[in-house]
Structure formats: C-alpha cells, structure tokens
Amino acid sequence: MIDQTKLPEKLIFVEYDDYKQVAEAIKTLVVRGAPAIGVSGAFGMALAALNSTANTKQELLEDLESAKKILIETRPTAVNLAWALEKIMKVAYEEDKVPEIKNSVIQTAKSMANEDLQTNMKIGKYGSELIDSHDTIMTHCNAGALATVGYGTALGVIRASKESGKQIKVIATETRPVMQGSRLTTFELRHAGIDVSLIPDTAVGYVISKSMVDKIIVGADRILRTGHVFNKIGTYQIALIANQHGIPFYVAAPLSTFDMKSNPKDVTIEQRKASEVTTIGDKKTAPDDIGVINPAFDMTPPELITGIITEAGVVKPPYEQSIKKLFKAN
Ligand code: MRU
C-alpha cells in the first residue's frame with residue numbers, strides 16, 4: 001500500500017507480511033478512508049490465514065478470531081472495517097478443511113478489492129448525473145482513490161463528471177488536524193488533471209456565502225438506516241452552512257458503509273491523540289499540557305443531506321423509507 005502519512009512529499013509503497021503490521025498501519029493512518037481500511041482489514045485476515053500453522057479447522061478459526069479482534073480495535077467508527085472482517089469470518093466458517101479455509105479467505109480478500117473498484121465506478125456514474133458542467137464542487141477530507149481501492153467515492157463522482165465531458169472545478173478543505181484535504185485530495189486531483197483550489201477549513205462559510213460553490217460532495221464512514229451520516233470531523237458544520245445558503249449537500253458511499261442496526265447514540269466516535277492538534281509537523285503550536293478535544297468524526301443529521309449516492313442509485317429523503325427500499329432491492 002501507499003504510505004499516506006508521507007504524502008505529498010514522498011510517494012512510498014510499503015509491504016506487510018503480518019496482520020499485526022496491517023493493524024498498526026490502519027491505526028497510524030498509513031492507510032485510511034473507510035473502504036480502504038475495510039479491504040486492508042480483509043488482507044490482514046488473509047495474512048493471518050496464510051501465516052497460521054493450525055492443523056485443524058478449530059485452530060485456524062481461533063487464529064482468525066484473534067486477528068479479527070486486533071484488527072477491529074484499530075479504528076472504531078468506519079463500519080467498512082467490521083463489515084469486511086465479518087465477511088471474511090463468514091467464508092472461513094463455511095469451509096471444512098484448513099487449506100480450503102485459507103484459500104477461501106485469500107480469494108475473498110482479493111475479490112473484495114476488485115469489487116470496491118467496480119463499486120466506486122458505479123457511484124461515480126450515478127453521482128455524475130447530479131453534476132452540471134461548470135459546477136464548482138466542494139469536498140472535505142479525502143474520499144478518493146487513496147481512501148478506497150481505486151477511483152474513490154466523492155472524488156469518483158468528480159472524476160466521472162470530468163470523464164463525461166463536464167467542465168468542473170473543485171474546492172478542497174485542508175481538513176485539520178491531519179490534513180487529508182491538503183495533503184491527499186489536492187495531490188490526487190492534480191494527478192487526475194482536475195482544477196482544484198485549497199481553502200482553510202475556516203473559509204468554508206466565506207466561499208459558500210460568496211456563491212463560489214454549486215454543490216458539496218463528501219464521503220462517509222458510517223450511514224445509519226435513518227440517514228444520519230458519520231464522516232470526517234468538520235462535515236457537520238459544512239452541511240449546516242450549505243443548508244443556510246441553499247447549496248445541495250451530497251454524500252457518496254458504498255452499501256458497505258451502511259449500518260442498518262445502530263442508533264446515533266450507539267456509534268463510537270474515535271478520539272485521536274492530542275499531538276495531532278498541538279503540533280504542525282515537528283512544530284509545537286500550543287502550550288504544553290493544554291487540554292485537547294480531538295474527535296476524528298462527527299454526525300450530520302438527515303435533514304441537512306440532499307441525497308446519498310451509492311452503487312445502486314441515489315437515495316433521497318425521507319431516508320428511513322428510501323434506504324429500506326434500497327436494501328430490500330439489493
Ligand atoms: O480519518 P480518516 O482519514 O480515515 O477519515 C476518512 C473520512 O472521513 C472519509 O471521508 C471517509 O472515510 C470516506 S472515504 C471514501
């Protein structure tokens with residue numbers, strides 16, 4: 001995988017041969033973005049299967065369960081990780097013999113990677129129908145190829161719009177404190193030849209109020225059956241400002257990002273370390289021992305969301321009904 005902590009200064013590929021290294025990579029944001037950590041988790045399980053010295057189905061399942069426990073604890077909010085690990089465990093339980101289990105786990109991880117790419121291209125296609133030529137689209141955090149296996153969700157919609165011949169511009173927020181917007185989104189969009197301008201997070205109100213934005217598209221880490229969307233910290237305030245100014249606010253995410261069981265209060269918001277806020281690079285930007293609140297995600301309520309773009313189509317309010325219908329049909 002690409003070490004995302006080194007971008008944009010260095011493009012470094014890292015290789016892992018142990019699931020514990022994969023767990024550490026997820027925890028330290030070497031790989032991040034909901035679909036990317038889901039598929040990375042699946043490959044972590046593939047490594048656990050490959051490296052297991054178990055002789056019986058029972059022993060192998062125990063090895064896989066312990067790998068799953070370590071991988072699932074790395075990041076609690078993005079539901080794609082749990083979704084991927086459950087899917088791997090399901091195929092492992094279905095087989096009878098050790099070599100068959102190992103093979104099935106590895107093949108499932110590989111097909112999840114292929115499917116993720118196809119899924120994003122479908123999201124792109126549906127989403128691009130909502131975009132007009134000459135639109136300026138604001139996005140937050142990074143929901144691009146780096147955050148997925150390839151193509152991206154929110155950035156997939158932007159890519160597909162360009163590929164269909166529309167002229168579009170993008171405004172990317174910096175996305176403090178880890179700067180996924182300035183480090184990753186601008187890097188990806190420039191690479192794709194898409195016009196992108198970077199703004200500080202604090203300029204969202206300014207650019208929207210000056211009519212510089214036509215639409216907003218973000219990704220998601222978890223979407224509830226009620227249409228509540230958990231995404232990178234700062235998403236909620238962008239949705240509020242968009243609503244105040246009548247700007248459409250879209251979320252692009254695969255069906256694997258939906259959590260049909262939880263209620264808003266059940267979702268754990270990951271709290272990250274204080275140093276992400278008290279330093280920029282090696283430079284200290286706050287007094288020693290200052291109290292810090294550093295949630296990685298926030299929740300945007302359904303009434304602020306114009307539509308949710310999935311690989312099976314776009315759902316619109318009222319979300320309880322439209323999401324239920326979407327899952328019934330898929
Ligand atoms: O903390 P991160 O960088 O993993 O957070 C990522 C986001 O919030 C993305 O918007 C989300 O995972 C969607 S990625 C297609």
Side-chain angles (χ1 to χ4, degrees), residues 1-5 7 25-41 74-84 113 115-117 119-124 127 137-160 170 172-185 187-189 201 216-223 228-239 249-259 267-273 276-277 294-300 305 308-311:
M1 55 178 75
I2 292 172
D3 182 346
Q4 299 190 34
T5 65
L7 288 171
I26 297 173
K27 208 186 277 178
T28 56
L29 309 185
V30 167
V31 60
R32 33 68 46 205
I37 63 177
V39 174
S40 300
T74 52
R75 297 201 73 192
T77 310
V79 79
N80 304 59
L81 181 58
W83 168 86
E115 277 163 26
D116 187 66
L117 189 59
T119 296
N120 292 335
M121 297 189 82
K122 286 184 197 154
I123 291 174
I137 302 165
M138 177 183 280
T139 191
H140 184 55
C141 192
N142 171 265
L146 288 162
T148 59
V149 174
Y151 206 67
T153 55
L155 293 195
V157 172
I158 289 167
R159 277 202 167 89
V170 177
T173 56
E174 274 183 311
T175 321
R176 278 285 292 154
V178 186
M179 315 299 252
Q180 290 93 331
S182 66
R183 293 189 303 105
L184 310 175
T185 296
F187 173 85
E188 264 195 43
L189 290 178
D201 297 320
I216 297 164
I217 309 179
V218 298
D221 289 84
R222 192 186 289 237
I223 302 174
H228 289 81
V229 168
F230 292 80
N231 191 48
K232 178 54 53 194
I233 192 74
T235 302
Y236 173 45
Q237 61 206 35
I238 297 174
F249 181 93
Y250 291 103
V251 175
L255 297 181
S256 54
T257 300
F258 285 75
D259 168 0
V267 179
T268 306
I269 300 282
E270 176 185 0
Q271 304 291 323
R272 294 195 58 91
K273 59 185 183 198
E276 287 181 352
V277 185
N294 186 18
F297 303 98
D298 60 25
M299 183 186 81
T300 300
I305 301 166
I308 304 176
I309 307 158
T310 76
E311 69 270 36

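Just follow the structure's listing: the first ligand is 1, and inside any ligand the first atom is 1. Residue numbers count from 1 along this sequence.
- Judged by distance alone, the side chains of Thr185 and Asn142 do bring a donor and an acceptor atom under 3.5 Å apart.
- Taking every heavy atom of Pro35 and a limit of under 4.0 angstrom, the matching atoms of ligand 1 come to 14 (S), 15 (C).
- Considering only non-hydrogen protein atoms, atom 11 (C) of ligand 1 sits nearest to Asp221 OD1, 3.2 Å.
- Within the structure, the closest approach of Ala296 to ligand 1 does not fall below 4.0 Å when heavy atoms are considered.
- The distance from atom OG1 of Thr300 to atom NE2 of His228, rounded to the nearest 0.5 Å, is 9.5 Å.
- Heavy atoms of Thr153 approach ligand 1 to within less than 4.0 angstrom.
- The ligand atoms of ligand 1 that sit less than 4.0 angstrom from a heavy atom of Ala147 are 14 (S), 15 (C).
- Ligand 1 places these atoms under 4.0 Å from at least one heavy atom of Ala143: 14 (S), 15 (C).
- Of the N or O atoms in Asn231, one or more lie within a sub-3.5 Å distance of an N or O in ligand 1.
- Counting non-hydrogen atoms of other residues, nucleotides and ligands closer than 6.0 Å to CD of Glu276 gives a total above 12.
- One option in Lys232, Met179, Glu270 has a heavy atom closer to atom 1 (O) of ligand 1 than any other, and that option is Lys232.
- The shortest N or O to N or O distance between Gln180 and ligand 1 is below 3.5 Å.
- Using a distance-only test at 3.5 Å, with no hydrogens or angles considered, a donor-acceptor pair links the side chain of Glu188 to the main chain of Ala145.
- Minimum heavy-atom separation, Ile308 to Val229: CD1-CG2, 4.5 Å.
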Can Asp259 and Ile223 be said to form a side-chain contact (heavy atoms from CB on, under 4.5 Å), step by step?
CA-CA 6 Å; Asp259 168 0; Ile223 302 174; over 6 Å; no
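- Neither side chain, Thr153 nor Asn120, offers a donor N or O lying under 3.5 Å from an acceptor on the other.
- The N/O atoms of Ala34, backbone and side chain alike, include one that comes under 3.5 Å of an N/O atom in ligand 1.
- Atom NE2 of His140 sits about 11.0 Å away from atom CD1 of Ile216, to the nearest 0.5 Å.
- The contact set between ligand 1 and Arg75, taken as ligand atoms under 4.0 Å from a residue heavy atom, comprises 1 (O), 2 (P), 4 (O).
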